[in-house]
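Here is the naming used below: chain letters follow the sequence lines, and residue numbers restart at 1 for every chain. This structure is a prediction, so every number in the text was calculated from the model and none was measured.
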Amino acid sequence: MSNTTQNPSVMKRLFGGSGVGTTVLILLVFYVLLLVTFSLLSPFFMTVRNMTSISSNIALIGLMAAAGTPLIIAGGLDLSVAAVAGLTGVIIALLHAAGIPIWIAVLAAIGIAVVVGIVNGVLATYLRLNPLIVTLATMSIVTGVSLILTGGLSKPLIVDGFNWIGQDRILGIPVPAILMLAVYIGLWLLMQKTHFGRYAFAVGGNPDASRLIGLPVDRTQIALYVMSAVSGAIAGTVLSAMLGAAAPNAAGPHLLTVIAAIILGGTSLQGGRGSVWGTLVAVLILGTLNNGLTLMNVTSFWQEVTRGVVLILAVGFDGLRQRVA
Amino acid sequence: MTATSPRLEMLDIHKSFGPVQVLNGVSMSVSKGEIIALLGSNGAGKSTLMKILTANYSKNAGTIRVNNETVEFATPRDAARVGIRFLPQEISVFPELSIAENICMSAESKGLVQWSDMAQRAHTVLEELGFGHLDPQTLVHDLPVAERRIIEIARALEGQADVLVMDEPTASLSETESEQIFTLLRRLKKRGTSIVYISHYLNEVFEISDRIIVLRDGTNAGEFDPKSAAVSDVVNAMLGKVAGAMFEERPPLPASAPVVFSCKNLNLPDQIENVSLELRTGEILGVFGLIGSGVEVLGRLIFGAQGRPASGELMLNGDVYTPISPLKGKQAGIGFVTAERKTDGIMADMSVRENLVAAFQSDFGGRVMTSPPRETAHSLEWIENLGIKTAGPEQAIRLLSGGNQQKVCVARWLNPKVKMLILEEPTRGVDVGARKDIYRQLVAFAREGLAVLVLSSDVEEIAGLSDRSMVIDRGRIIAEFGSAATPGDLMAASTHKNPTA
C-alpha cells in the first residue's frame, strides 16, 4: 500500500509499529554518538563540572516536558507550560517578599498553575476549542500577568532552606536532576500501570471510540492539562531556586525545546502513542547539543537556528513514523 | 431508441479491490434523452460502477464508449470534459456563495470574475430549467434543500453536462419537493440530457425512468421496462436467491420473556420521529433501513451518543432511562457496537487485550492500578470462545481482519452488567466466514438472556437474524414483521415512498 518506502517491514520495525521501544533505543544510540563526538571535539565536555551543569539545565527542560508528554499522548497540547513556570517564580518571590512562609508560597503558586491547567482543559474539551490556540492565548495571558506583577524586572529570591532544591547535590547528583527523575518514574507508572494511563492512550488514539465505550474522555484530558501546568510550576520553582531570583520570562525561551523534545521522543502529535522515556532521552540529546555547541563557541544565535531545524526534523520523523506504521 | 446509438456505454466492466471482486463484467448504456434507473441492494456494485464512470476509480478491464468512441479517463476532470457529471447523495454546494457563483463555479474559469456576465449565465440556465424566478444574487445558504439540489443540477448543466448521474437525489426531500425534481428531470430529458438515476424508492423509479437496470453482486441481474414490469420481479432481481444457510433455524422466543427495554414516541428533530419499540430478554430485534433512513441514528440515540432526545419515554430494566451520554448508557446496562470500526470502534494502536477490556476496564485490577495478567486471562477466554484469529492478546488490533476486529468490539461488551446490546451494521466489511460466526454467537448470547437490537441496511441480515423486525424510513418505523419476514417483505416496505405527514 505504501509505495513511499521500499521495504515497509524493516521501516516498521525501526520506527515503532507495536511500540515506541525501538524509537527510544534509536535515540539512545544517537545520544551516545553525540557524547562521543563532543568528547572528541572538546576537552571540557566530558568533565564532572560540565556534566553537572548540563544535568541541571536538562532537568529544567525535562520537568517542563514531563507531563506534556502524557497530555500529547491523550490528544492535547500545552504551549503555556513555560509561561506558567515563569509565573510560578514570580508568585513565590512576591508572596515571600510579603512575608508569607516560602513553602506556603510554593503551594500557592502551584495552586495558581492548577487553575491555569483547568482553564486550558475546560476550553479545549468542553468548549472544543483548538488546544494550540487556547494554550497560545493562555501563554500570552500568563506571561503578561508575570510582567505586570514584576514590572518586567527580576525579583531576588534567596531564602534559607529553599535554594537547595535548585543548587545542591545529593551524592554528587544535582537535586533538580533527582527531582526530574522522580517525576518521570511517577509518570511512567501512571501511564503504564493505572487505568488513568490506559484511558490517556485510548482517548488520544481514538477519541470517538473512547467516547462510545463510555470512557471519561474530557475528564482525562482536563486532568492532564492540570498535570502539565503543575509540571511547569515545579520547573519554575526549581528554576527560581537555581537562579536565586524570579525572572518573569526566564523559562519562555525553553518552550520550543520542550515541544521538540516531546515530539523527537516518539510521542505522536496525532495522539495515542508515545512514552515519557522517549521524551527524557530526547531532552538529554537536545540539552547536550546545546551545551556542546556552546563549548565549540557556536553563538546562541546559531543555536536558535539549530533548535528550529531539530524541531522540523523531529516533526518530519513523526510524519515518517505515521506513514510507515 | 435502437435507431440512435447510445450516448454512453459501459461494457464488461471488471473491478476488484485486493482479492475482492466487486464488479464482474457489468454493462450498461444510456441514450440521448433517456432516463435509466440503476438499482441494486447494498454492495451490488452501483456506486463502484459510477465511480469508474467518473474516473474516481480505475477499472481493471472493460470499455467505456462515449458517442461510439472508446474513451479512457485518467482523472475526474477527463470525465467532466466529455460531459459526464456525477451528483452525489450529499448535496455539494457552497452555502456562503450566491446562486450565480455556485452555478458558474467550474474548473475552466480563469482570470477575473465578470459579475454581470455570471448573473446572466446563471439566470439563463435557471430559466431553461423552469426556475427563472430564483434571483442569482441570493445566497445558497438561504435556499431550501430541494432548491439547493436544483442549483447543483444547474451547475452541472452550465458546465455542459450531457450525462448526469444522480445518486439518491430525493433522499432528503419530501414528496412535493421530489415532484419538483421530477419535473426538472423531464425537462432535461426533452432537452436531450441523458440521466442515470440511482434510487431505492421503487415507486419513483417506476414513475420517472425509461429503463431499469438491476445489478447484483457485481453482475447484471436484469433489465426491465417500467411500463410493463412488476415491482416484485424487480425486487427479486435485486435480492437473487435468498442465502438461507447463513442463518440457523431456532425455536421461537417464549411468550413469557420479560420486557428489558421499551421506548415510546422517541424523537430527535429531523432524524427520528415518534419511534416506539419493545425488546424482551433473549430477543433479537432487527431494524432495517436504507442509508439515510435513520437506521444510522436510532441505535446511537438510544445508547446516548446523540445526547438527550427531544422527547420520548424510555424504560430499561424497569427503571426510567434517559439517554444522555455513552457513559450513562453503559452504566444503565447498554452495550453499543458501532458500524465504523476504524473511525469510532477500535483504538488501532492498542493491543487486542487493551481493546477487549476497554469498556469495563475497571473490573480488572484495583481501583487505581490495572492488572494485565487478569486482562490477559479474560482476553484469552474470549479469543477462544469467539474464535478470534490473532497472534495473541498482545497483537496490535489494527493487524487483525475486519471480522476479527468486529469480534473484539462485540466481546468488549460481553459483561454481566450489559442487559441490552445494540449493534450497528454488525457485519459491514466482514468476510462471509466471520459473518456466520457473528450471527451464530449473537443468537447464542440472546438465548442466554441478552436483549439484542440490530440496526442494519443489509436486508438479508435483518430478515435472517431477527426474532422480530421493523423497517425504518425517514426516521419513522413504517412496518413491523415477525420472525417469518423475508428480505422481500422488508425491501418492499422500505422501497415504497410514503407521503410525509
Side-chain angles (χ1 to χ4, degrees), chain A residues 1 8-9 12-13 15-23 73-75 125-126 128 186 188-220 223 266-275 318 321-322 324-325, chain B residues 18 299-300 303-306 324-332 334-351 353-372 375 391 394-399 405 409 412-413 417-418 422 424:
Chain A
M1 214 171 288
S9 67
K12 200 178 277 183
R13 253 180 293 151
F15 290 110
S18 64
V20 283
T22 39
T23 311
I73 289 174
T125 57
Y126 289 129
R128 311 236 174 280
W188 172 71
L189 289 173
L190 180 78
M191 291 305 279
Q192 295 303 320
K193 305 287 178 191
T194 69
H195 296 301
F196 179 85
R198 189 78 66 74
Y199 294 158
F201 277 103
V203 164
N206 192 339
D208 293 331
S210 300
R211 204 163 268 126
L212 281 179
I213 31 187
L215 301 185
V217 177
D218 293 342
R219 260 188 296 151
T220 304
T267 297
S268 165
L269 267 178
Q270 321 286 322
R273 227 186 302 174
S275 87
D318 179 46
R321 226 167 4 218
Q322 295 292 332
V324 170
Chain B
R300 283 166 190 260
F303 182 52
Q306 297 280 345
I324 297 171
S325 68
L327 181 58
K328 293 276 188 272
K330 175 169 84 172
Q331 285 162 349
I334 305 180
F336 179 80
V337 179
T338 162
E340 301 295 337
R341 278 183 302 280
K342 285 219 163 52
T343 57
D344 56 21
I346 60 168
M347 275 76 77
D349 284 328
M350 299 177 88
S351 67
R353 164 178 62 87
E354 288 167 321
N355 271 281
L356 203 147
V357 301
F360 292 97
Q361 193 179 291
S362 44
D363 285 11
F364 308 93
R367 279 181 61 84
V368 175
M369 307 300 252
T370 53
S371 166
E375 294 176 357
E394 297 312 312
Q395 192 176 25
I397 192 165
R398 66 188 152 81
L399 302 175
Q405 288 177 355
C409 290
R412 62 160 72 121
W413 294 107
K417 291 176 200 155
V418 172
I422 302 175
E424 271 183 350

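Looking only at heavy-atom pairs under 4.5 Å with chain B, the residue among A:Leu190, A:Asn206, A:Leu189 that has the most is A:Asn206. Your options are A:Ser210, A:Pro216, A:Ala202, A:Gly204, and the one with the most heavy-atom pairs under 4.5 Å with chain B is A:Ala202.
In this structure, A:Gln192 and A:Phe201 have side chains that are in contact, with non-hydrogen atoms separated by less than 4.5 Å.
The side-chain hydrogen bond (donor to acceptor under 3.5 Å, both in side chains) search around B:Asp344 returns B:Arg300, B:Thr338, not counting sequence neighbours.
Side chain of B:Gln405 to main chain of B:Ile397: a donor-acceptor pair is present (N/O by atom type, distance under 3.5 Å, no hydrogens or angles).
Interface remark: B:Arg367 contributes backbone atoms only to the contact with chain A (heavy atom separation under 4.5 Å). For B:Ala348, no part sits under 4.5 Å from any heavy atom of chain A, backbone or side chain. Contacts between B:Met350 and chain A at a heavy-atom distance below 4.5 Å involve the side chain alone, from C-beta outward. Contact annotation for B:Thr343: only backbone heavy atoms (N, CA, C, O) come within less than 4.5 Å of a heavy atom of chain A.
Taking the six-membered ring where tryptophan is involved, the planes of B:Trp413 and B:Phe303 are perpendicular, since the angle between them exceeds 60° and thus also 30°.
Counting heavy atoms of neighbouring residues, nucleotides and ligands inside a 6.0 Å radius, atom CZ of A:Arg219 does not exceed 12 of them.
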